[in-house]
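This report refers to the structure that appears directly beneath it.
Labels below follow one simple rule: chain letters A, B, ... track the order of the sequence lines, proteins then strands, and each chain is numbered from 1.
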There are 2 protein chains.
Amino acid sequence: MVSTFAPQAAGDLNFLKKLNRSSILATVRRYPGATRADIAARTQLTKATVGGVVQALLERGWLREGELQPRGGGRPGRALYLDDAHHVLLGADIGVRGLRIVACTLGGEVLLQRSVIQAPTTPDETAAHLAELIRAMRHDPLIADRHCLGLGVTVPGPVAPEQPILRLAPNLGWIDVAFLEVLRPHLPEFDGAWLLDNEANAAAFGEFYFHDGIPPESIVYISAASGIGSGMVTGDNFPLVPRGGQGLVGEIGHSIVQPGGLYCHCGNRGCAETLVSGWAIRAALGIADDENLEAAIMARGDDADVGITLRRAGEALGVLMLNLHHTLNPTTLVLGGSLMQLGERLIEPALAYFEAHQNDLLRGTQRVPVKVIHDSTYTAARGAAAQVMAKAALEA
Amino acid sequence: MVSTFAPQAAGDLNFLKKLNRSSILATVRRYPGATRADIAARTQLTKATVGGVVQALLERGWLREGELQPRGGGRPGRALYLDDAHHVLLGADIGVRGLRIVACTLGGEVLLQRSVIQAPTTPDETAAHLAELIRAMRHDPLIADRHCLGLGVTVPGPVAPEQPILRLAPNLGWIDVAFLEVLRPHLPEFDGAWLLDNEANAAAFGEFYFHDGIPPESIVYISAASGIGSGMVTGDNFPLVPRGGQGLVGEIGHSIVQPGGLYCHCGNRGCAETLVSGWAIRAALGIADDENLEAAIMARGDDADVGITLRRAGEALGVLMLNLHHTLNPTTLVLGGSLMQLGERLIEPALAYFEAHQNDLLRGTQRVPVKVIHDSTYTAARGAAAQVMAKAALEA
DNA sequence: GTAACTTAGTTAATAGGTTTAACTAAGTGG
DNA sequence: CCACTTAGTTAAACCTATTAACTAAGTTAC
């Protein structure tokens with residue numbers, strides 16, 4: 001379980017400065033409009049330290065000053081916000097159905113987004129295509145003058161914990177691809193951070209990092225699409241993304257929910273993906289791979305088979321949610337992925353199962369809130385951009 | 001997911017010193033016999049810094065110097081070890097079947113251990129009994145002269161993430177017990193750190209912290225006893241123990257492995273505990289609560305019912321292991337808990353199932369090693385002692 | 001056997017970060 | 001208008017790690 005942006009275990013004064021700078025930025029991110037005094041109170045740093053760091057961040061275009069915040073019977077403080085005018089973060093999501101790119105501000109506001117539908121191809125061709133799109137986007141007047149802090153790329157499969165290598169993406173047919181190295185020659189002029197992560201991890205990170213208002217303590221994001229995966233994020237100023245020994249953290253699609261059940265393409269029986277995944281639903285309903293799943297299902301209307309299949313898939317999703325609740329116990333659960341577009345016939349049974357069963361262990365506890373992202377087209381790409389920000393904040 | 005001993009997110013020079021001191025101690029713990037130069041190389045600190053901190057730790061009885069370590073063609077370095085002569089760590093495990101107490105050195109060597117069999121009773125009576133045992137142990141000549149760094153207590157149920165409160169222990173009949181506060185009046189003379197944690201979390205922590213040789217990157221410990229739980233630990237110098245929003249991390253006994261299966265005492269159906277737990281095995285074989293489970297099963301010899309029940313339980317355990325592998329992806333899996341004493345008829349099917357299925361996702365990867373602790377009587381208590389050490393190391 | 005070399009560890013001066021304490025700034029309330 | 005409160009800045013002090021030069025203690029080459 002290696003964390004992405006965790007502070008190292010030993011360090012010098014420069015490290016301490018980085019830590020505090022990052023902590024101050026995180027405070028402004030979580031409490032927009034905070035004053036220097038607010039930050040000092042929250043971080044336990046002194047006014048002097050906060051003042052100096054804030055001054056530097058203002059000069060470098062990371063923070064901007066806002067209006068005066070009246071205080072009861074004293075000098076009003078100056079509100080501080082992330083400066084959304086001088087930098088840009090890029091995030092790209094390589095999916096089975098195409099590429100999605102996002103450019104956003106330090107606050108997570110999406111400035112530009114592009115989506116290209118294309119069939120899976122080789123890493124090199126994908127990189128060439130992606131580079132072209134990024135170069136074009138980079139010249140858009142909306143962001144051309146901004147300093148680009150880096151590019152985060154997400155892929156639909158486990159990424160090795162230590163090096164940025166995609167281990168396996170069955171839906172793309174890729175094995176052990178160091179995609180950033182493939183991409184780099186196509187974008188020689190690009191400087192800034194380069195990051196690679198699993199799509200669900202990045203989405204979870206983004207939902208946590210760019211959360212409106214004070215983020216929850218921890219988030220588990222379930223990505224239900226062609227396959228099914230999940231990502232977990234926690235930590236205050238340094239969000240942690242556990243990856244595991246082999247980068248398999250969150251590969252819940254192959255957790256067993258029905259021992260002795262249907263055969264999965266992974267070779268085991270009763271994997272979650274045999275019940276709730278794009279391919280399982282296609283198989284159950286006889287929908288071809290080249291058909292659009294959502295359209296095909298809508299076309300069948302109130303067909304009973306469709307209803308039963310979606311209900312079964314939803315209930316399996318509910319089981320997965322419950323098991324994640326009992327294993328990772330996040331503060332918030334987020335559901336995303338293209339399957340959410342199949343609508344309430346799938347979502348409702350999942351939520352109902354989870355609601356009905358989650359709380360029997362600790363009666364009287366507040367329930368875990370579930371957030372459904374009905375259209376998560378750019379969620380992963382935006383999450384990748386968030387990771388760029390988190391990394392750059394340490395270097396700022 | 002709140003970590004126990006993680007560095008805070010912002011800090012002053014004193015914090016930096018703590019961080020480096022703890023990091024140096026951790027290096028000696030993981031690499032016994034390391035020299036000052038070795039430590040400097042591993043921690044990226046300078047020789048000067050390491051020298052100063054080591055000097056202070058030698059004077060305070062945390063480290064001791066050993067023999068000279070010959071170096072190729074240069075002055076030999078002085079080996080450093082954790083000083084196992086001046087301090088003592090106490091750990092106590094409150095279980096369904098009684099109390100277990102351990103006193104150990106900074107290196108995790110058990111100096112004294114006591115076990116008392118008793119039926120569950122009230123928190124106050126348990127605290128009184130525990131205090132008596134601890135006081136007696138404290139006067140044992142083997143540890144009477146040592147400085148006690150603190151006491152860690154483990155309980156068989158989820159502990160709230162922020163405060164040391166046991167949320168629920170069905171097997172003890174306890175609900176929302178701030179056990180340390182109950183215990184404190186019984187041990188007024190005791191100073192040092194007081195810690196409370198879930199039994200599986202503590203066991204996992206101990207297996208990681210006191211690991212012989214370089215510990216793995218992460219450990220998941222599965223505790224199979226009356227109920228079933230798990231704990232996860234990761235992190236180099238600051239082992240992290242995720243607890244989750246409600247302290248439910250690792251409550252895998254109530255993850256669903258057989259939807260629509262048997263009813264569990266938690267109210268759901270098909271929980272793992274309905275297949276692999278002390279009470280499930282008793283129920284299946286008609287063994288009374290007051291009988292010793294292991295003895296009753298041995299008495300039945302090669303009875304076919306016993307074989308089938310244990311095999312089923314083992315396979316369910318294998319499913320749990322596989323699901324944890326796909327959700328948390330630890331570097332090492334550890335199996336413990338009193339059920340391990342039921343022997344190979346249970347363990348073998350679990351290992352076989354895991355072996356046969358774990359690797360189908362990432363072919364060619366090295367397999368996840370599984371360690372079975374056949375007698376884990378003192379594993380949790382020792383883990384609690386490890387947590388005391390980790391906490392004290394920051395204050396040293 | 002001695003000089004050259006290598007590695008370990010210590011020391012004093014230096015650099016750099018945060019804090020302390022005193023200050024200025026800018027409001028409210030009587 | 002003065003007392004009070006809170007925000008933010010500044011310079012000196014303090015603390016920590018680093019640098020660079022040193023001593024210590026071994027091996028290797030000749």
*T49(B) vs dT18(D): side-chain N/O to OP1/OP2 distance below 4.0 Å*: yes
*Quick one: which of T234(B), T331(B), T332(B) gives a side-chain hydrogen bond (donor to acceptor under 3.5 Å, both in side chains) with S218(B)?*
T331(B)
*Upstream residue (5' side of DNA chain C) when A48(A) and R36(B) are each assigned their closest nucleotide*: R36(B)
*Can you tell me the distance, in whole Å, between the CG atom of L45(B) and the C1' atom of dT19(D)?*
15 Å
Give me, pair by pair, the N or O atoms of the protein and of nucleotides 26-30 of chain D that are less than 3.5 Å apart, along with how far apart they are.
| residue | atom | partner | partner atom | Å |
| --- | --- | --- | --- | --- |
| dG26(D) | N2 | G73(B) | O | 3.2 |

*Check the distance between dA25(D)'s C1' and Q69(B)'s CD and give it to me in whole angstrom.*
15 Å
*Heavy-atom donor-acceptor pair, N329(A) side chain to G245(B) backbone, under 3.5 Å*: yes
*Is K17(A) paired with D12(A) through a side-chain N to carboxylate O contact shorter than 4.0 Å?*
no
*With heavy atoms under 4.0 Å as the rule, sort K17(A) into base, sugar-phosphate or nothing.*
sugar-phosphate
*Figure out the CZ/P separation between R21(B) and dT16(D), and round it to whole Å.*
9 Å
*Between R146(B) and D84(B), is the closest basic N to carboxylate O distance under 4.0 Å?*
no
_Between P on dT16(D) and CG on L13(A), what's the gap in Å once rounded to a whole number?_
10 Å
_Electrostatic pair K371(A)-E207(A), nearest N-O below 4.0 angstrom_ = yes
_From CG of D12(A) over to C1' of dT19(D), roughly how many Å is that when rounded to an integer?_
13 Å
*Considering only heavy atoms of chain A and a distance under 4.0 Å, specify the first and last nucleotide of DNA chain C in 5' to 3' order that meet this criterion.*
dG16(C) to dT28(C)
*Would you mind checking if R243(B) and D197(B) are paired as a salt bridge, meaning a charged N to carboxylate O distance below 4.0 Å?*
yes
*Go through the side-chain N and O atoms of R42(B) and S23(B) and say whether any donor and acceptor fall under 3.5 Å apart.*
no
*Parallel, tilted or perpendicular, as decided by the 30° and 60° cut-offs, for the rings of F190(B) and W194(B)*: perpendicular
*Between K18(A) and E395(A), does at least one N-O distance fall below 4.0 Å, as a salt bridge requires?*
yes
*asked:* What is the distance, to the nearest angstrom, from the CG atom on L19(B) to the C1' atom on dA17(D)?
replied: 13 Å
